[in-house]
Asks: 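Below: one structure in structure tokens.
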Amino acid sequence: MIGKQAVVIGAGMGGLAATGALAGLFERVVVLERDELPAGAADRQGAPQGRHNHALLAGGQRALSALFPSFEQDLAQAGAVPLRVTADFCTEMPGFDPFPQRDLGWHVYSMSRPLIELTVRSRVERLPNVTLRSRCRARTLEASGHQRAAAVVGVRCEDAQGRSETVPADLVVDASGRGSLTCDLLEAVGLQRPEATVIGVDIGYASAVFAIPDTASADWKAVLTMPQAPESSRGALLLPLEGGRWMVSIGGRYGEKPPGDAVGFLKFAGQLRTPTIYNAIRRAARFSEVARFGFPASVWRHFERLQSFPRGLLPFGDAICRFNPVWGQGMTVAAQEAILLRRLLGASGGDARALVDLVPAFFTEARSMIESPWRQAAVPDFVMPETEGERPPDFENQLRFGGALARLAAEDPDVHKLVAEVRHLVRPSSDLQAPDLVARVQALMTRG
Ligand SMILES: Cc1cc2nc3c(=O)[nH]c(=O)nc-3n(C[C@H](O)[C@H](O)[C@H](O)COP(=O)(O)OP(=O)(O)OC[C@H]3O[C@@H](n4cnc5c(N)ncnc54)[C@H](O)[C@@H]3O)c2cc1C
């Protein structure tokens, strides 16, 4: 054991994964969650994104399985739908309608975000040294010392009756999503706030749940329809959920955001680049209202660039980086950060000094972990001319490389498998820079 008590703020996917990592390293872990947590797989106020499609990439599924052994069986028992990658997935992108649907030899599960969260939360609740306090809002982080000497010693929180208390902690993980508690604390102890890289994408989402009709296609279980960018930003994702349902999320950017009414939803689906999703749902029974969500910008806070950071505090998950949700990376990166946290603290053999070294080591490794998914999302985001932010200097080249790589992947199953593994965050994107692969892609780029 490395310390007496760790406190995790937020029982979302980041907080739950971090708790799984910390439970074996601290005598007690206390999780503070402002929401009343539902007994079943239901939406809740603090995670409004749960009403929209949440794809769990293979990298996230593997990380959660490493934290919670037999997690995949838990998902399957709860009704999650297995999807063979990429055989069950109809991906429609300009030039490939659809992209070849090969069986690459592995599968992922598809389910609602509330079910993923419930499955992980049930495992966390079974950990004997973990206390999950719902309806308990963290108000401030308590610190001793100032500037370079600052150390976080606890969390001031408030329960549903308005009673305040300070929960002491050797380590506080801020998995509250926004990271404002961490940034406020930095200011309070006289330290700088982190710089942020921001990509303004201004996306509007709308989602609804449908009964899977008897007439559903046997050629796919899920469909992704990508837009004809930059002419249009309209895209959609249909995923199967537990309970014989589909969730359809449609989205557009800037002046092309979808409406929030059922008639408008179907009309928008009918204006996608291909009719596959519209045809699937136009006669299907709708189970839910249409839910909307606005996502203005991807934000990466560069804590790793700060000269000083308070001891005993670790921002986590979305509090470090909020990815453009279109690429389905946030839960996976949060789960992989939890594996990193466990590795860094676990390697110390219980030496409490590891808590001092943890934060800089975590920030350094998390930076390279985040870089690959961030870049994967940023390049296609910048195709839209309205996207705000700094385009990579070799943007045009990266775009052409990506296009040629997709053509190669369509022809060659081995390249397809490699690209899918990078996309699912199972392998780093540096694996796409192998000299023989680059030479083949460049040959295609030269041919045009
Ligand atoms: C529309 C949309 C679609 C998305 N789709 C995908 C997808 O397909 N795949 C994917 O991997 N990711 C997706 N994401 C991202 C994903 O939801 C997050 O990256 C992931 O949940 C990790 O977030 P987190 O735990 O850091 O924060 P959250 O999941 O937001 O959890 C934060 C938690 O902290 C609690 N909280 C906040 N403040 C306090 C406080 N002061 N005290 C106590 N509790 C507090 C909240 O109630 C909440 O439970 C999507 C996001 C959006 C917005």
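In what follows, residues are counted from 1 in the order of the sequence shown. Counting starts at 1 for both ligands and their atoms, in listed order.
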Asks: Which residue holds the protein heavy atom closest to atom 3 (C) of ligand 1, what is that atom called, and what is the gap in Å?
Replies: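 Of every protein heavy atom, P325 CB, 3.3 Å lies nearest to atom 3 (C) of ligand 1.
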Asks: Please confirm whether the ring centroid of F363 lies under 6.0 Å from the ring centroid of H302.
Replies: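 No, ring centres 6.0 Å or more apart.
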Asks: Does any N or O of ligand 1 fall below 3.5 Å from an N or O anywhere on G14, backbone included?
Replies: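 Indeed, backbone or side chain, G14 has an N or O that close.
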Asks: Look only at interatomic distance and state if G317 has a nitrogen or oxygen under 3.5 Å from any nitrogen or oxygen of ligand 1.
Replies: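 G317 vs ligand 1: no N/O contact under 3.5 Å.
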Asks: Return the option from M13, Q49, R322 holding the heavy atom at the smallest distance from atom 52 (C) of ligand 1.
Replies: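 Heavy atom nearest to atom 52 (C) of ligand 1 belongs to Q49.
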Asks: Look at atom 50 (C) of ligand 1 and find which of H54, E158, R137, R292 reaches it with the closest heavy atom.
Replies: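 Closest candidate by heavy-atom distance is H54.
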Asks: Is ligand 1 under 4.0 Å from a heavy atom in the side chain of S176, in the backbone, in both, or in neither?
Replies: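 The part of S176 near ligand 1 is both the backbone and the side chain.
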Asks: What atoms of ligand 1 come closer than 4.0 angstrom to any heavy atom of Q329?
Replies: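 Heavy-atom distances to Q329 below 4.0 Å select 10 (C), 11 (O).
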Asks: Any salt bridge between R253 and D202, counting N to O under 4.0 Å?
Replies: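 Salt bridge absent between R253 and D202.
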Asks: Salt bridge check: are R305 and E195 linked by an N-O gap of less than 4.0 Å?
Replies: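 Result for this pair is yes, salt bridge flagged.
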Asks: Heavy atoms only, cut-off 4.0 Å: how does N53 contact ligand 1, side chain, backbone, both, or neither?
Replies: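 Backbone only; the side chain of N53 stays clear of ligand 1.
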Asks: Under a 4.0 Å threshold between the charged nitrogen and the carboxylate oxygen, would E142 count as salt-bridged to R156?
Replies: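 Between E142 and R156 there is no salt bridge, as every charged N stays at least 4.0 Å from the carboxylate O atoms.
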Asks: Which protein non-hydrogen atom lies closest to atom 22 (C) of ligand 1, naming both residue and atom, and how far is it?
Replies: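 Of every protein heavy atom, D318 OD1, 3.6 Å lies nearest to atom 22 (C) of ligand 1.
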Asks: Would you call D159-R135 a salt bridge at under 4.0 Å N-O?
Replies: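 Salt bridge flag = no for R135 with D159.
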Asks: Please list the nearest protein heavy atom to atom 31 (O) of ligand 1 with its residue and the distance rounded to 0.1 Å.
Replies: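 The protein heavy atom lying closest is G12 CA, 3.5 Å.
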Asks: Among all protein non-hydrogen atoms, which one is nearest to atom 36 (N) of ligand 1, and what is the separation to 0.1 Å?
Replies: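 Protein heavy atom at minimum distance: R34 NE, 3.9 Å.
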Asks: Distance to 0.1 Å, residue and atom name: give those for the protein heavy atom nearest to atom 29 (O) of ligand 1.
Replies: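 Here the nearest protein heavy atom works out to R113 NH2, 3.0 Å.
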Asks: Applying the side-chain contact (heavy atoms from CB on, under 4.5 Å) test to P373, which of Q336, Q329, R423 qualifies?
Replies: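 The single option meeting the side-chain contact (heavy atoms from CB on, under 4.5 Å) with P373 is Q329.
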Asks: Does NZ or CZ of R245 fall inside the cone over F210's six-membered ring, less than 6.0 Å from its centre and within 45° of the axis?
Replies: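 R245 over F210 ring: no.
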Asks: Give a yes or no on whether a salt bridge exists between D35 and R44, defined as a side-chain N under 4.0 angstrom from a carboxylate O.
Replies: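 Yes, D35 and R44 are salt-bridged.
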Asks: So which protein heavy atom does atom 8 (O) of ligand 1 come closest to, and at what separation?
Replies: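 Going by distance alone, atom 8 (O) of ligand 1 is nearest to A55 N, 2.7 Å.
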Asks: Looking at R62 and E72, does any basic side-chain N land under 4.0 Å from a carboxylate oxygen?
Replies: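 Salt bridge flag = no for E72 with R62.
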Asks: Counting from 1, what ligand 1 atoms have a heavy atom of A175 closer than 4.0 Å?
Replies: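 With A175 as reference, the close atoms of ligand 1 come out as 32 (C), 33 (C), 34 (O).
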Asks: Of all the non-hydrogen atoms in the protein, which one sits nearest to atom 47 (O) of ligand 1, and at what distance?
Replies: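 The answer is E33 OE2, 2.6 Å.
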Asks: Going by the closest heavy atom to atom 11 (O) of ligand 1, which one wins out of M331, Q45, E337?
Replies: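 That would be M331.
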Asks: Which residue from C136, G46, A138 reaches closest to atom 42 (N) of ligand 1 through any of its heavy atoms?
Replies: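 Result: the heavy atom closest to atom 42 (N) of ligand 1 is in A138.
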Asks: Is there a donor-acceptor contact under 3.5 Å from the side chain of T387 to the main chain of D381?
Replies: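 Yes; judged by distance alone, with no hydrogens or angles, the pair exists.
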Asks: Using a strict 4.0 Å cut-off to heavy atoms of G328, name the atoms of ligand 1 that fall inside it.
Replies: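 The list of qualifying atoms is 7 (C), 8 (O), 9 (N), 10 (C), 11 (O).
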Asks: Are E158 and R34 within salt-bridge range, i.e. N to O under 4.0 Å?
Replies: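 A salt bridge is absent here (no side-chain N lies under 4.0 Å from a carboxylate O).
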Asks: Closer than 4.0 angstrom, basic N to acidic O: yes or no for E92 and R273?
Replies: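 No salt bridge links E92 with R273.
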Asks: Do any N/O atoms on R44 end up under 3.5 angstrom from N/O atoms on ligand 1?
Replies: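 Between R44 and ligand 1, an N or O pair is found under 3.5 Å apart.
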Asks: Does only the side chain of R139 get under 4.0 Å from ligand 1, or the backbone, or both, or neither? Count heavy atoms.
Replies: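 Under 4.0 Å from ligand 1, R139 contributes no heavy atoms.
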Asks: Considering heavy atoms of the protein only, find what lies nearest to atom 27 (O) of ligand 1 and give residue, atom and distance to 0.1 Å.
Replies: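 Result: G177 CA, 3.7 Å.
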Asks: Is the F96 to F99 ring centre distance short of 6.0 Å?
Replies: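 Under 6.0 Å, so yes.
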